[in-house]
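Computed from a predicted model, the values in this text were never measured in an experiment. In the text below, chain A, chain B and the rest are named by the order of the sequence lines, each starting its count at 1.
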Protein chains: 2
Amino acid sequence: MPAAKHSATPSYRPLYEQIRILLTQSLVAGEWKPGEMIPSELELAARYRVSQGTVRKAIDALASEHILVRRQGKGTFVASHTQPAYQYRFLRVMPDTGEKLHPQNLFLELKKVKAGAEHAASLKIKATTPVHSIKRVLLFHDRPLIHDEIVLAAAQFPGLTLPKLEEFKGSMYMFYETVYGLRMIRAEERLRSVAADAATAAHLNVAPGAPLLCVDRIAFTYGDKPVEWRRGLCLTDGFSYYNELS
Amino acid sequence: MPAAKHSATPSYRPLYEQIRILLTQSLVAGEWKPGEMIPSELELAARYRVSQGTVRKAIDALASEHILVRRQGKGTFVASHTQPAYQYRFLRVMPDTGEKLHPQNLFLELKKVKAGAEHAASLKIKATTPVHSIKRVLLFHDRPLIHDEIVLAAAQFPGLTLPKLEEFKGSMYMFYETVYGLRMIRAEERLRSVAADAATAAHLNVAPGAPLLCVDRIAFTYGDKPVEWRRGLCLTDGFSYYNELS
DNA sequence: CAGTGGTCTAGACCACTGC
DNA sequence: CAGTGGTCTAGACCACTGG
């Protein structure tokens, strides 16, 4: 017997949708951590007093968003940026050769500053709230490829220091996840073509004025909560930003 | 009674997958045309001798690829670029204001030429095969925004002429669909940042050397058959290429 | 082998559309 | 109202994993 076929909210909300929300809440609460296995479909069906099929549909939805990962014969797992296939989940820049891009991090600085208007709006915090501003360069085969500025709300990343970033081996999102328990599930990007300014040109070892791909990104964790603002300036000489439209 | 739970192919193929293939074949054969309603789930279930649930799963897959569109209470329809929501399905460039982009076409030329190596590889045809090369500019509020070169296999677009393009009102994909029965379902894009050459600069009314977003696209019809190669050079001053990562 | 996810069925009922 | 897609169930069986 299902708990309730209808919710109190104005418009109709199917059961599997309610289950999806409950599962998400458990994820937010940390009941199951990234990489861990969640209970089997039959267990969850029993817990929520619904049929296996309904649980399946809820899990299907979360799996299609890459929040959960199903593995036949093993179980269903919380997706993690530490899993090999998810290491560079959001990195769309790739060599035109088809080679795999495993860039190297070179951190330039970490400053604690006050959020400007754009950062504040993106991160849904008040302007002048303290934020960390990180600058780094991504190297590919020892050649500088991308210059990033990354802005994070200081309140969400207490005790963040340059050495901590530098000693960590792996992507930023792996870092957020393992050190701060923040798993990024989604991002929005806006791309523009810009001319390199002097400072960026120096970092990327190109002439000032060279055309660069400017990628503005906002990354979100569970519940569409924005966590990271990022501006990447990227060389596209032998590299390109790949996208599938469907 | 299902026709067969296993296919003859080496590895296991579920029934709903076989149904999905049959539906796709009917679409390719033109049994149901863009915009038309396909038979109801129960009819299809009877036709293929499977349960409604199995048909549902096949349709779900096609709907998630935007090949079919479900409308509760009405039926399931073949997606069409002529439907308002699908007009500019693959246009990711948008004003930073959030305004909707309804660009205007200005055709510059149509030439019949031989396919070069890149076009041939992209369209999976032999080099030197005849192709149409179309050049146009997209205007937004009378301001030139994008310069496109579009390459199509001549064999697939017989009798294509500039006047035909010019008299047609709507997007290119609407044109392919309504005039040649070719519905594009998917595209791959590669983005780069480039400096405007003299000719492009003139068309877009900017200084030579200005940074432009170069968008190379291959668009596919049913069965991943490539139909269109396109190179767009786009101003990103007040506009940007929007993308969601998940 | 037991346990997991994956498929498929048959049937009941709900929500939405348009006549 | 009939007809469509959408939800939910209960149960059978298949495919895959690992001990």
Problem set entry | Validation row: B:I150, B:W229 side chains within 4.5 angstrom (heavy atoms) | no
Problem set entry | Assigned partner base of C:dT17, Watson-Crick or wobble definition, under 3.5 Å | D:dA2
For this session: Identify whether NZ of Lys or CZ of Arg in A:R71 sits under 6.0 Å from the centre of the six-membered ring of A:F77 and within 45° of that ring's axis.
Result: yes
Problem set entry | A:Y173 six-ring centre to A:R89 NZ/CZ under 6.0 Å and within 45° of normal | no
Exercise. What's the CD-C1' distance between A:Q18 and C:dC14, to the nearest Å?
Worked result: 14 Å
Exercise. From the list C:dG5, C:dT17, D:dG6, which nucleotide is the closest neighbour of the side chain of B:E41?
Worked result: D:dG6
Seminar exercise, completed: Closest to the side chain of A:S51, out of D:dA15, D:dA10, C:dA15, is D:dA10
Problem set entry | Spacing between A:R20 atom CZ and D:dT7 atom C1', to the nearest angstrom | 16 Å
Exercise. Does a side chain donor of either A:Q18 or A:Y48 reach within less than 3.5 Å of an acceptor in the other side chain?
Worked result: no
Exercise. So which nucleotide from C:dT9, D:dT7, D:dA10 ends up closest to the side chain of A:K57?
Worked result: D:dT7
For this session: Using atom CG of A:D60 as one end and atom C1' of C:dG6 as the other, report the distance to the nearest whole Å.
Result: 10 Å
For this session: May I ask you to establish whether B:R186 and B:F220 are in a cation-pi arrangement, using a distance under 6.0 Å from NZ or CZ to the six-membered ring centre and at most 45° from the ring axis?
Result: yes
Seminar exercise, completed: When rounded to whole Å, the CG to P distance for the pair B:L42 and C:dA10 reads 12 Å
For this session: Indicate, with a heavy-atom threshold strictly under 4.0 Å, whether B:R71 touches base, sugar-phosphate, or nothing.
Result: sugar-phosphate
Seminar exercise, completed: When rounded to whole Å, the CD to P distance for the pair A:Q72 and C:dG5 reads 10 Å
Problem set entry | DNA chain C: 5'-proximal contact among A:G73 and B:G53 (nearest heavy atom) | A:G73
For this session: Give the rounded distance in Å between these two atoms: CZ of A:R49 and P of D:dA10.
Result: 11 Å
For this session: Nearest whole angstrom, please: distance from the C1' of C:dG5 to the CE of A:M37.
Result: 10 Å
For this session: Report the distance from atom CD of A:Q52 to atom C1' of D:dG11, rounded to the nearest whole Å.
Result: 10 Å
Exercise. Out of C:dT4, D:dC8, D:dG5, which has the shortest distance to the side chain of B:R70?
Worked result: D:dG5
For this session: Look at the side chain of B:T54 and decide which nucleotide, out of D:dT7, C:dG18, C:dT9, has an atom nearest to it.
Result: C:dT9
